[in-house]
There are 2 protein chains.
Amino acid sequence: MRSGSHFAQTASSNPLVNSPCEKCNIAEMSLCHALSCDDLRKLSSISTGIEVGKGVTIINEMDSADFLFNVTGGSIKLYKLLPDGRRQMTGFLFPGDFLGIAMNDCYAYSAEALEDCRLCRFPRARLEELLKEVPDLENRLLNMVSNELVLAQDQMLLLGRKTAIEKVCSFLLSLAKRTQRKTGAGHVISLPMGRSDIGDYLGLTTETVSRTLTNLKKKGIISIPTNGQLEINDIEELTDLAEGMD
Amino acid sequence: MRSGSHFAQTASSNPLVNSPCEKCNIAEMSLCHALSCDDLRKLSSISTGIEVGKGVTIINEMDSADFLFNVTGGSIKLYKLLPDGRRQMTGFLFPGDFLGIAMNDCYAYSAEALEDCRLCRFPRARLEELLKEVPDLENRLLNMVSNELVLAQDQMLLLGRKTAIEKVCSFLLSLAKRTQRKTGAGHVISLPMGRSDIGDYLGLTTETVSRTLTNLKKKGIISIPTNGQLEINDIEELTDLAEGMD
DNA sequence: CGCGAGTTTGACAGTGGTCAACTAGCGTGG
DNA sequence: CCACGCTAGTTGACCACTGTCAAACTCGCG
């Protein structure tokens, strides 16, 4: 077990209280958002609150996709692998995000907890039944997946056409925007993932990520206090750099 | 107007017959697939069949997303642009595919006809109303968008982590697989898009695409008759090359 | 205090980009 | 009918960005 974790070893163990959604203190956009009390109760009745420790693999690419999840605490990395071990992050998840969309009946990627996490777990079969009964829920899900698709397309632009510095700046800005949406202030952001995770997200190596961050630091555009945080000093400049305006 | 096109200049002009979906001779997976006769009639009542000529821009990134489309004939390229003109294709559409998913109320990408195309057009507002009435339709849409998301993630892996030759081979294979699903035989595929379109799809330059294809040709793995077609001679080898197994 | 994972820095190399010239194919017009 | 010219594609020479390999460093933890 990785250091510091006091949570369950695997995603399937340690089902907590049969989570009444009131426990989800995430007020923002999540699957449950904007449902009627009645629908919420139905949804809650098929969900199980679980907790997983840092480093734990929550789902595995090619495993049978029996569960869907809603993240209620912590952060998660999603990735795909090539046969020779090369890795591509497909996203990072934070509270409110949804996990488990699949084609056919296998997961399309693996998911691992970056920190101790709290999740709301739904059996796929029962959720699908429920979707038929509760059109609002299906609509909500459709919106969430559509949003993810748009973000995926932005990421394709980044991966296919941006330079290393543009990639890194874009990444920092997207984290900043997300933080801002949730907390109001967005110039101090937390980086729960390591350099090589960032590299695999941006299609770069650890070394290039490190070098690029050092450059930004030297130019005074960002600061990196030793904890897992990062401060943006000049968001204008960062924005320009993110799209090659320099 | 581009050469050879005898179709309408813009997507909004030339509404054909108020398309009874029977005219869609695409039996396979499309939005309308697997709907009851009754639901199909409702869907048909809000749709307009349109045709657009080769080279015509069907939707524009950042335009208000007033319509959704179902492709019923021809092929379409989707792309995003950076301020300085760099371009990333986000996909190619063929009959049966869906077009117009958006976040907020603007399109996230532009779409241009690669050949003369036939489309089924739905006003967004009316389709959204209909979704509330016809849960099967919403479910169908959710499945289509989920599939697209999975494909988008595969594309991220390709863009971020594959080499030029792996990218080109993966691309040819995905076209072959699609052709096979539709026609049965999948070793002769049509390439309605140009080299630079392919390059922008794979995160490569025209030159690299050209060079890589020449290599494959020299090795006898593919043949390129002068028309817009391509023949795969050794699909085994192509598959290996697509994932770095060499 | 010392170990170890993660990160930073450096030297070097290779893949793929850039720029430029050349070729092939095709539609147009003399 | 052939010649011209345009666009798309191919090929070559060169180079730069980013990857690779290796070493040094930092910080947290036992």
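Every chain is numbered from 1 and lettered A, B, ... according to where its sequence line falls, protein lines coming before strand lines. Side chains are part of it too, since the values below use all heavy atoms of this structure and drop only hydrogens, waters and symmetry mates.
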Engineer: Within this structure, what is the CE-to-P distance between A/Met193 and C/dG6, rounded to whole angstrom?
Structural biologist: 15 Å
Engineer: Can you check the B/Ile165 CD1 to C/dG17 P distance for me, whole Å?
Structural biologist: 14 Å
Engineer: If you pin B/Thr163 and A/Lys218 to their nearest nucleotides in DNA chain C, which one's is more 5'?
Structural biologist: A/Lys218
Engineer: With no angle test and no hydrogens, is the base of D/dT26 tied to the side chain of A/Arg195 by a donor-acceptor pair under 3.5 Å?
Structural biologist: no
Engineer: Counting any heavy atom closer than 4.0 Å, what does B/Thr206 reach on the DNA or RNA strands: base, sugar-phosphate only, or nothing?
Structural biologist: nothing
Engineer: Using whole Å, what does the distance between atom C1' of nucleotide D/dT10 and atom CG of B/Leu191 come to?
Structural biologist: 16 Å
Engineer: Taking the nucleotide of DNA chain D with the nearest heavy atom to each, does A/Asn227 or B/Thr208 sit closer to the 5' end?
Structural biologist: B/Thr208
Engineer: Rounded to whole Å, how long is the line connecting atom CG of B/Leu213 with atom C1' of C/dA24?
Structural biologist: 16 Å
Engineer: Given atom CG of B/Asn215 and atom P of D/dG9, what is their separation to the nearest angstrom?
Structural biologist: 18 Å
Engineer: Could you tell me whether the side chain of A/Ser75 and the main chain of A/Phe94 form a donor-acceptor pair under 3.5 Å?
Structural biologist: no
Engineer: Base, sugar-phosphate, or nothing: which does A/Leu204 touch, judged by heavy atoms less than 4.0 Å apart?
Structural biologist: sugar-phosphate
Engineer: Return yes if some donor-acceptor pair links the side-chain N/O of B/Gln88 with the main-chain N/O of A/Gln153 below 3.5 Å, else return no.
Structural biologist: no
Engineer: Is A/Lys167 reaching over with its side chain to a backbone N or O of A/Leu202, donor-acceptor style, under 3.5 angstrom?
Structural biologist: yes
Engineer: Among D/dT10, C/dT18, C/dA11, which is the nearest nucleotide to the side chain of A/Arg211?
Structural biologist: C/dA11
Engineer: Taking any heavy-atom pair under 4.0 Å as a contact, classify A/Ser210: base, sugar-phosphate, or nothing.
Structural biologist: base
Engineer: Base, sugar-phosphate or nothing for A/Thr226? Non-hydrogen atoms, less than 4.0 Å.
Structural biologist: sugar-phosphate
Engineer: Out of D/dT10, D/dC21, C/dG16, which nucleotide sits closest to the side chain of A/Glu207?
Structural biologist: D/dC21
Engineer: Would you mind reading off the distance between A/Ile224 atom CD1 and D/dC25 atom P, rounded to a whole angstrom?
Structural biologist: 20 Å
Engineer: OP1 or OP2 of D/dT11 sitting under 4.0 Å from any side-chain N/O of B/Thr214?
Structural biologist: yes
Engineer: Determine yes or no for a side-chain-to-main-chain donor-acceptor pair under 3.5 angstrom, with A/Asn233 supplying the side chain and A/Gly220 the backbone.
Structural biologist: yes
Engineer: Would the distance check show the side chain of A/Asn147 and the main-chain N or O of A/Met144 forming a donor-acceptor pair, the cut-off being under 3.5 Å?
Structural biologist: no
Engineer: Rounding to a whole Å, what distance do you find between A/Arg161:CZ and D/dC17:C1'?
Structural biologist: 15 Å
Engineer: Within this structure, what is the CG-to-C1' distance between B/Leu114 and D/dA8, rounded to whole angstrom?
Structural biologist: 15 Å
Engineer: Within the structure shown, what part of the strands sits under 4.0 Å from A/Gly203 by heavy-atom distance: base, sugar-phosphate, or nothing?
Structural biologist: sugar-phosphate
